[in-house]
Participant: 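To start, I am sharing the structure in question, which I have written as structure tokens.
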Amino acid sequence: MSGLFPLRRCRTADVSKLALCLNSNPHSAPPLAAVGILRRAPFGLSSALSILLEHVDAANSAVFKSTRLCCIASTILGWAMNKSFTFRFYNVTRDDPKKPPMVDILRQIAKEPDRAKREHPLAEDYTIRLEELEDDGGDAVVGEFVRCQSTNLPSELDGSVRKPLTAKQLGHSIVFRLNHELGVIGFQHDPRVVSLGRVLEYLRIYHGAAFYSVEPRLNKDAWKKFNAGSVRKLAIRVASPDSMNDLAGDGHAASSGLKALAEAYEAPSISIELSMGHRKGYLSDAVKGLADLLSTAIGPHARVDKLSAVTTVDDSTEEIDLIE
């Protein structure tokens, strides 16, 4: 993952590992990496930040500008109750090179100094804005999108007294890194906050030609295991299933079913799971053909957000993620 982002799924509180990560890759994205490690640290936030800066060498610590430290702190506090977070990586393409690159649209939005003016409602009670955007070396930008919550606000607790929240809005954030030279975006995967599909809608508001296709980057090592083993479970989530291609062969039943469900229930995202449950044995090898078609032939408007499997290879069963 060198050059994209060094940590995909973070599950450690070892600050020294973060320092090693940053020192070995000066173009990594500190807010993203730091959150993955610091928010599970067994000490206070201020202590965690102090220890982090002590571990990063002087040359590299220059990347920790005030906005990044704020991003780290706010995001850690916002995710304090989560056990882990996941990044998904997608190839970003344009069907016409005359259309503006995604990074140009992001920079255009970021020029607006009043962040409130960057907000746009995409659906009822669904307003987002670009909160932060910074260059990360010469070939990438890192940033943060915020979903603005102004209804159904929680209350405050003051000792034994519960009272209305004093804030008028809450902000729920996700972070991302776009390598505009490679055409790859790393996006924190949390559709409950902001999905990549919603971000694409948001960008189109700012420029009518800002249409981009995103395809998940495949995990080649995981696919080798998947194809070599016997599959007990296949889990799939498709965004915009109503616009997916009609798949042939092993994918026909799935594509027709997903499209029918999307049309009948107006579902913008559908998850399905094929599993042996508690029974012995394995699914048909046709599931491998289905997975391959979903990863390569779903079309430019639908998107696979999840594709994972439980596979047995040489009597060893493992859950594998087929997309990065």
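Here the structure is a predicted model, which means the values were calculated and not measured.
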Participant: Decide, yes or no, whether a salt bridge links K99 with D95 under the criterion of side-chain N to carboxylate O below 4.0 Å.
Facilitator: yes

Participant: Determine yes or no for a side-chain-to-main-chain donor-acceptor pair under 3.5 angstrom, with K259 supplying the side chain and M244 the backbone.
Facilitator: yes

Participant: Show me the pairs that pass ring-ring contact (aromatic ring centres under 6.0 Å, His included) and involve residues 133-153, at least two apart or across chains.
Facilitator: F145-F176, F145-Y202

Participant: Is it true that S173 and E131 share a donor-acceptor pair across their side chains at a distance under 3.5 Å?
Facilitator: no

Participant: Is any side-chain heavy atom of E119 less than 4.5 Å from a side-chain heavy atom of Q169?
Facilitator: yes

Participant: Is the shortest side-chain N to carboxylate O distance from E318 to R232 below 4.0 Å?
Facilitator: no

Participant: With the side chain counted from C-beta on, respond yes when L200 and M102 share a heavy-atom pair under 4.5 Å apart, and no when they do not.
Facilitator: yes

Participant: Could you check whether any side-chain heavy atom of I128 comes within less than 4.5 Å of a side-chain heavy atom of V194, counting everything from C-beta outward?
Facilitator: yes

Participant: We want to know whether S230 and T312 form a side-chain donor-acceptor pair, criterion being a heavy-atom distance below 3.5 angstrom.
Facilitator: no

Participant: Applying the salt bridge (Lys or Arg N to Asp or Glu O under 4.0 Å) criterion to D321, which one of R88, K225, K306 satisfies it?
Facilitator: R88

Participant: Got a salt bridge between K288 and D250, using NZ or NE/NH1/NH2 to carboxylate O under 4.0 Å?
Facilitator: no

Participant: Between L178, V141, V142, which is the residue that forms a side-chain contact (heavy atoms from CB on, under 4.5 Å) with D136?
Facilitator: V142

Participant: Would a 4.5 Å heavy-atom cut-off, applied to side chains only, mark L203 and F211 as touching?
Facilitator: no

Participant: Please determine whether a side-chain nitrogen of the Lys or Arg among D135 and R107 lies less than 4.0 Å from a carboxylate oxygen of the Asp or Glu.
Facilitator: yes

Participant: Between D158 and K163, is there a salt bridge with N-O shorter than 4.0 Å?
Facilitator: yes

Participant: Under 4.0 Å between a Lys/Arg side-chain N and an Asp/Glu carboxylate O for R204 and E201?
Facilitator: no

Participant: Is it the case that more than 12 heavy atoms not belonging to E263 sit under 6.0 Å from its CD atom?
Facilitator: no

Participant: Cut-off 3.5 Å, side chains only: do H207 and Q108 have a donor facing an acceptor?
Facilitator: no

Participant: Establish, for the pair R217 and Y90, whether the NZ or CZ atom is under 6.0 angstrom from the six-membered ring centre and no further than 45 degrees off its axis.
Facilitator: no

